[in-house]
Asks: 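Can you read through this structure? Questions will come right after.
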Amino acid sequence: MSVTATDTHCPYCALQCGMTLTPGIPVVKLEPREFPVNKGGLCAKGFTAADLLDHRDRLLTPLVRKTPGDRTSPLREATWDEALSLITDAIVNSQETYGRDSVGAFGGGGLTNEKAYALGKFVRVALRSASIDYNGRFCMSSAATAANRAFGVDRGLPFPLEDVAEARTVLLVGANPADAMPPSMQYLDTGRAAGAKHIVVDPRRTATANGAHLHLQPLPGTDLALANGMLHIAIREGFVDEAYIAERTTGFEAVKAATNAYWPERVERMTGVPETKIRETVRLLATNGPAMILTARGAEQHSNGTDTAQAWLNLALALGLVGKPYSGYGTITGQGNGQGGREHGQKADQLPGYRKLDDPAARAHVAAVWGIEEDELPKPGLSAYEMLDRLGTDGGVRVLMVLASNIAVSAPHSNRILDRLRALDFLVVSDIFLSETAELADVVLPTAQWAEEEGTMTNLEGRVLRRKRALPPPPDVRTDLEMLTELAERLGRGKFFSSDPRTVFEELRRASAGGIADYSGITYERIENEDGVFWPCPAEDHPGTPRLFADGFPTPSGRATFIKVDHRDPAEMPDKLFPYVLTTGRNMQQYQSGNQTRRVKALAVALPEPRAEIHPDLARRHGIADGDLVELRSRRGAAVLRARLSDGIRPDTVFAPFHWPGANALTNPALDPHSRMPAFKACAVAISSYTEGTE
Ligand code: SF4
């Protein structure tokens, strides 16, 4: 029997490292592969990804409740026909009684482009509902909104990752790639070896900060003041690029006036970052070029996350960094298809190609591709948390389909979300394991894993990649495209859908043509032959666009836009009852809600449980020793974690990883007014030794 090796990519983060899978014993042999982003590297998550293909917890058949309608009754195995019939009945009954928008879907940034596109289309064309959003709203939406406002386009990195190695100064704000995507560190390491200066802004001394030239430790929620303070210094010291500002931007004067209020002593008081470090950072960015500013969730997941990202963008523009070689502003996407997942229509307000659902021309274009009348398309719906917050209420979604997301763990204020999920009339979850969300479902659908289906992903650079099938899924497991097509058929809309990924991609190309994220020139063959293709790529003879902004910005004026932004306190400030700031984030061994990685033995052994990172001074005040159980409490809930004492974190701040249930019981769902991003990165908490705190 011939054994064929398949070149594909990791199922997890946005780096999308190349790997090769060869069918064998037990299921496949997984080896790292030379690919432009990882250059043969993989992290522990990637190396162990194949362990999940034949994991004993794998869902291998649909599950339904023993007593239909009673979610306290156990789940039992069912046929696909029975499961899909129950779902179809629930959809039809709900829409007849409560209207079309009473049925909705929640997608994920891990879905392939084809599946994200098909899900958005399924909700608009098969359900004819406005109710759809996805977990990328909790991830990238603030940086995306800021980039759209400034540049007229949101592509996480507007340059290939290899450019990072050539930059002489890199400012990383709220980013910890050493833990989140270790193979990406080779670019920073190469730069450092050649003398580059790296500055990390993070309330924790992370592994990334450890290797940096400078570490700035602001109080969570004060990054905007820090960025405005840097711009204040840049203006006063004559570091801004006047010619660049005049030729390539608009709106600088208002921003300049606003930064008057951010004099260094005040910014030091607001942020806790010494003035000398702020000045040194500005000096390096301005004089030790090429320089770039990269933000990630630490800067963005706040109730003012859009404005915070904007402040860093303003600084990059004022220094004339954007659009020059090895230079500029970028945001580091987290989820595997966080980039493509936000381009093709699973956002409440969006159509494929990064088009807007409320734009008449966009509606007409996409309706024509889909073969429907423009007025059949619904209006924009509610953002992720707003939709979840209303589940099961009058006017809210009553039947919800969840794909590639574990909202019971990953949504903010998770106790509230658990209540809302339980209040649904009907919950459907498609997953590979019985996640905490799937445990609440009326119907659970077993879906194919990454190595068992075809599709494309778009990585953090905007490079479109092929994810290829290395082996067939188990016999009673289906792909989400097959599931959506069959459901559409049962709803009388089957003629609009295909379960074949290549057919879906061909349609996506047409739907995206002329849009901001234009994939029309990208084919499966080109991706294969060219190690991925960067969008926008408007024609098959177009080379793709690895670097944006060299000649202009896709705004009406062709210029980038400065936007005046001011510091606002976090939505919840520490007080007498909840005196510390909680910030949440990632561990190296886990991915997102942990539904996959918590089941990988090697990863669980390396990090069996979540650890709350606490400064020794704070621990001493509460009689907490390293390894003790501690209870964290916020106004919304409590979580018990084991303490890890570290003098690398601010004494007024506690860090908790979000890969396990618990951290999001505490987090604040206050939303950014522009992006609707919840404030994951700053809420007020109290801390106590668990035995002392037990009530
Ligand atoms: Fe997978 Fe990301 Fe690790 Fe690469 S860095 S192996 S893509 S999880």
Side-chain angles (χ1 to χ4, degrees), residues 9-14 16 45 49 52 59 104-123 131-141 144 156 297 301 333-348 350 352 381 383-385 387-388 397 400-412 414 417 421 427-438 440-441 444-450 453 455-460 467 479-481 483-484 501 504 586 590-598 658-659 664 676-678 680:
H9 295 271
C10 176
Y12 299 122
C13 86
Q16 285 297 292
K45 297 182 289 266
L52 299 177
L59 294 170
F106 197 94
L111 292 172
T112 60
N113 289 318
E114 289 79 355
K115 291 193 286 187
Y117 171 86
L119 182 62
K121 181 180 172 186
F122 175 84
V123 172
S131 305
I132 179 170
D133 214 61
Y134 80 123
N135 64 16
R137 181 76 70 171
F138 299 156
C139 199
M140 295 298 302
S141 56
R297 304 307 82 72
Q301 287 179 317
T333 299
Q335 291 196 77
N337 199 27
Q339 181 69 54
R342 67 183 189 265
E343 297 165 357
H344 299 302
Q346 58 175 333
K347 258 175 120 171
Q350 194 193 63
S383 73
Y385 188 81
M387 178 168 80
L388 297 178
V397 167
L400 181 70
M401 294 175 60
V402 178
L403 277 70
S405 193
N406 186 11
I407 42 185
V409 175
S410 62
S414 56
I417 297 306
L421 287 169
L427 174 63
V428 184
V429 175
S430 169
D431 211 320
I432 56 178
F433 297 115
L434 195 66
S435 68
E436 287 81 359
T437 310
L440 304 173
V444 182
L445 300 173
T447 192
Q449 291 202 44
W450 99 110
E453 60 180 358
T456 59
M457 306 283 279
T458 305
N459 82 345
L460 76 174
R467 176 180 277 188
T479 69
D480 284 332
L481 286 183
M483 179 270 286
L484 291 172
V504 175
R586 297 167 202 267
Q590 297 293 331
Y591 179 68
Q592 299 297 93
S593 78
N595 185 38
Q596 297 164 85
T597 46
R598 279 189 270 134
F658 55 59
H659 310 295
N664 277 318
R676 319 310 286 165
M677 162 75 81
F680 286 103

Asks: Go through it in stages, so that I can follow the logic: the residues are Met401 and Phe106, the test is side-chain contact (heavy atoms from CB on, under 4.5 Å), and I'd like the CA-CA distance, side-chain angles, deciding distance and then a yes or no.
Replies: CA-CA 6 Å; Met401 294 175 60; Phe106 197 94; over 6 Å; no
Asks: Apply side chain to side chain contact (heavy atoms under 4.5 Å, CB included) to Ala438 and list each qualifying residue two or more places apart in sequence or on a separate chain.
Replies: Val429, Leu434, Ser435, Val444
Asks: Dump the intermediate steps for side-chain contact (heavy atoms from CB on, under 4.5 Å) on Leu421 and Thr437, then the final yes or no.
Replies: CA-CA 8 Å; Leu421 287 169; Thr437 310; 4.3 Å; yes
Asks: ring-ring contact (aromatic ring centres under 6.0 Å, His included) with His9: which residues, sequence neighbours excluded?
Replies: Phe35
Asks: Sequence neighbours excluded, which residues qualify as salt bridge (charged side-chain N to carboxylate O under 4.0 Å, His left out) partners of Arg586?
Replies: none
Asks: Applying ring-ring contact (aromatic ring centres under 6.0 Å, His included), name anything that partners Tyr12, two or more places apart in sequence or on another chain.
Replies: Tyr591
Asks: Suppose we screen for side chain to side chain donor-acceptor pair (under 3.5 Å). Which residues come up paired with Thr456, at least two apart in sequence or across chains?
Replies: Asn113, Glu114
Asks: Please name all residues satisfying side chain to side chain donor-acceptor pair (under 3.5 Å) with Gln596, sequence neighbours left out, ordered by chain then number.
Replies: none
Asks: Which heavy atom of His659 sits nearest to which heavy atom of Gln592, and what is that distance?
Replies: ND1-O, 2.8 Å
Asks: For Ser430, what residues pass the side chain to side chain contact (heavy atoms under 4.5 Å, CB included) criterion, not counting sequence neighbours?
Replies: Leu403, Leu445, Thr447, Asp480, Met483
Asks: Just jot down the side chain to side chain contact (heavy atoms under 4.5 Å, CB included) partners of Ala118, sequence neighbours excluded, or say none.
Replies: Leu481, Leu484
Asks: The criterion is ring-ring contact (aromatic ring centres under 6.0 Å, His included); which residues satisfy it with Tyr385, sequence neighbours excluded?
Replies: none
Asks: Give a yes-or-no answer on whether the side chains of Glu453 and Thr479 include a donor-acceptor pair shorter than 3.5 Å.
Replies: no
Asks: Quick one: side chain to side chain donor-acceptor pair (under 3.5 Å) partners of Gln339, sequence neighbours excluded?
Replies: Arg342, Glu343
Asks: Using the side chain to side chain contact (heavy atoms under 4.5 Å, CB included) criterion, which residues pair with Gln350? Sequence neighbours excluded.
Replies: Lys347, Tyr354
Asks: Who pairs with Ser593 by side chain to side chain donor-acceptor pair (under 3.5 Å), at least two apart in sequence or on another chain?
Replies: Asn406
Asks: Are Phe138 and Phe680 near enough that their ring centres are under 6.0 Å apart?
Replies: yes
